[in-house]
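Presented below is the structure to which this report refers.
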Number of protein chains: 2
Amino acid sequence: MDTSIKKKRVRGRLSREMIEDAAFNVIETEGLSGFSMRKLAAALGCEAMSIYHHFPSVAHLHEALVDRLVGSLEMPDAGLPWRQRMRIAIEDFRRIGRDHPAYATFLVTYRMNSPICLAWLNGILSLFRDGGFDTELSARLFRAVGYYLMGAVLDENAGYAKGPSAVNTVGDEQLARDFPNVMAAGRFFGAAEFDKTFELGLDMLLDEMERLRDGAGAGQLSGKV
Amino acid sequence: MDTSIKKKRVRGRLSREMIEDAAFNVIETEGLSGFSMRKLAAALGCEAMSIYHHFPSVAHLHEALVDRLVGSLEMPDAGLPWRQRMRIAIEDFRRIGRDHPAYATFLVTYRMNSPICLAWLNGILSLFRDGGFDTELSARLFRAVGYYLMGAVLDENAGYAKGPSAVNTVGDEQLARDFPNVMAAGRFFGAAEFDKTFELGLDMLLDEMERLRDGAGAGQLSGKV
DNA sequence: AAATGAACCTTACACTGTAAGTTGTCAAGC
DNA sequence: GCTTGACAACTTACAGTGTAAGGTTCATTT
């Protein structure tokens with residue numbers, strides 16, 4: 001005799017959106033590596049295989065998650081000054097990383113080939129073009145700035161400040177003795193310093209881009225930091 | 001009756017170094033996600049659990065791998081001009097990524113807290129100090145340049161040029177129609193363009209650092225690209 | 001009322017890292 | 001030469017993973 005309480009099976013209870021919501025939740029509570037279809041199912045109150053009716057594989061689910069994050073990005077108002085537009089677009093991406101810290105590693109590792117991601121890339125490249133750069137320089141500057149942005153998102157959400165991932169860690173006294181520069185710099189590596197550090201690097205790149213566009217005008221960075 | 005051929009069990013046949021070598025091999029041939037203790041054991045001609053005698057867990061093994069890569073880095077000759085020293089140190093790290101492309105994702109994701117990694121970080125921070133920056137600016141510039149470097153290593157080894165990771169990919173005709181900027185820029189995203197793009201961004205950052213140090217001198221980037 | 005098909009569940013398989021226990025082999029001491 | 005002990009490698013087993021295959025239930029359409 002089956003004494004177990006039968007879960008009421010309701011058709012159409014699940015939806016892609018619900019599953020995505022729950023997936024973000026599980027990822028942020030369990031961590032990216034702690035995420036699994038079974039845990040996701042548990043969070044949804046269903047069986048793992050039920051999810052496969054809505055997403056044919058975890059890869060498809062992940063793509064949907066990335067698409068939702070990237071799809072939420074809007075291009076900055078074209079009426080604003082170029083530097084401000086560029087800054088806003090960059091900070092917007094950085095923000096979706098901060099909003100989903102556990103997912104950030106996946107986000108920056110993901111190769112953006114879906115239509116939604118390509119649309120965003122296309123818009124950003126257009127923004128570079130608006131800066132007055134030709135195709136080649138737009139592409140290279142996009143890449144260079146993108147490197148900086150991706151590295152920052154990675155570090156800010158999964159980096160040094162999140163604690164050690166090493167197995168053989170080093171205590172504070174050894175740190176002070178053997179690695180004094182790391183010890184001293186550590187004060188500026190914490191989460192409270194992310195914004196200021198990011199702004200410094202971003203301003204450096206923005207300054208250089210404006211300089212490149214204006215044909216290497218006089219230095220403009222004096223006394224800024 | 002056991003008709004299987006008995007593998008000769010030899011004491012001391014395995015060593016940490018052998019295992020690390022094989023691990024790099026398996027990772028580069030099978031990919032980072034295709035790596036497993038069982039495949040590593042198969043490559044070594046032993047059983048999975050034998051590896052645990054030398055490394056208590058995969059985490060320990062990974063730490064050893066990162067340590068070996070980072071530990072192979074030497075600080076550039078202190079007699080060279082500062083800009084050249086910085087460039088060499090950065091390119092050296094970039095090179096270990098290129099030498100182990102499948103491992104690059106792990107490398108940039110790894111939080112460097114082992115003594116060997118801390119020693120390297122300490123040396124790099126010292127290099128920034130040698131540039132004439134105080135503790136705070138050294139720390140922030142180290143981070144900013146590090147962001148750029150990590151993002152580059154990530155893209156160059158696991159990024160767009162490595163093909164789609166998306167499930168819903170976009171064909172060339174749709175790319176040309178709907179995402180013309182991506183299409184046009186794609187020509188500069190290939191592996192053959194990595195060096196030139198990386199140099200552009202690196203020069204931008206180095207220029208800005210020298211400008212910061214020299215108190216915003218005259219522009220020097222004119223006509224460089 | 002019967003048929004259809006979507007939505008969900010059950011079971012099963014090959015894979016993972018690794019804890020626990022066993023066996024084979026070599027070196028040292030007698 | 002024999003015994004002993006330690007160590008290195010192996011065997012087994014378990015809980016976890018993604019997901020293929022097939023079964024069940026139920027709202028909708030006819």
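Heavy-atom basis, side chains included; hydrogens, waters and symmetry copies ignored.
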Calculate the interatomic distance between [X] atom [atom1] and [N] atom [atom2]; express it in whole Å.
| X | N | atom1 | atom2 | result |
| --- | --- | --- | --- | --- |
| His60(A) | dG18(D) | NE2 | P | 16 Å |
| Ile19(A) | dA7(C) | CD1 | C1' | 11 Å |
| Glu47(B) | dG24(C) | CD | P | 14 Å |
| Met18(A) | dA7(C) | CE | C1' | 13 Å |
| Ile51(B) | dA9(D) | CD1 | P | 10 Å |
| Tyr52(B) | dA9(D) | OH | P | 15 Å |
| Leu61(B) | dT18(C) | CG | C1' | 14 Å |

Checklist line | Smallest separation among heavy atoms of Phe188(B) and Glu193(B), with atom names | finding: O-CB, 3.4 Å
Check: Among residues 27-42 of chain B, which residues get a heavy atom nearer than 4.0 Å to DNA chain D?
Finding: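 Residues of residues 27-42 of chain B that come under 4.0 Å of DNA chain D are, in numerical order, Arg38(B).
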Verify the contact: side-chain N or O of [X] to OP1 or OP2 of [N], cut-off strictly under 4.0 Å; return yes or no.
| X | N | result |
| --- | --- | --- |
| Ser50(A) | dA7(C) | no |
| His54(B) | dA9(D) | yes |
| His53(A) | dC9(C) | no |

Item checked: Main-chain N/O of Val182(A) paired to Asn122(B) side chain as donor or acceptor, under 3.5 Å -> yes
Notebook entry, point to check: ring pair (Phe, Tyr, Trp, His ring centres under 6.0 Å) with His62(A): which of Phe24(A), Phe106(A), Tyr110(A), Phe55(A)?
Noted result: Phe106(A)
Note to self: Are Tyr148(B) and Tyr147(A) an aromatic pair, judged by ring center distance below 6.0 Å?
What the structure shows: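 Yes, ring centres under 6.0 Å apart.
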Check: Where the side chain of Leu14(B) is concerned, which of dT19(D), dA9(D), dT18(C) is the nearest nucleotide?
Finding: dA9(D)
Check: Which nucleotide, dC9(C), dA20(C), dG18(D), lies nearest any side-chain atom of Met49(B)?
Finding: dA20(C)
Next item on the list: Show your reasoning for whether side chain to side chain contact (heavy atoms under 4.5 Å, CB included) applies to Arg87(A) and Asp203(A).
Entry: CA-CA 9 Å; Arg87(A) 177 185 291 279; Asp203(A) 276 327; 2.4 Å; yes
Note to self: Is the positively charged end of Arg94(A) above the ring of Phe198(A), judged by distance under 6.0 angstrom from the centroid and angle within 45° of the axis?
What the structure shows: yes
Next item on the list: Could you grab the distance from atom CD of Glu20(A) to atom NE2 of His54(A), nearest 0.5 Å is fine?
Entry: 11.5 Å
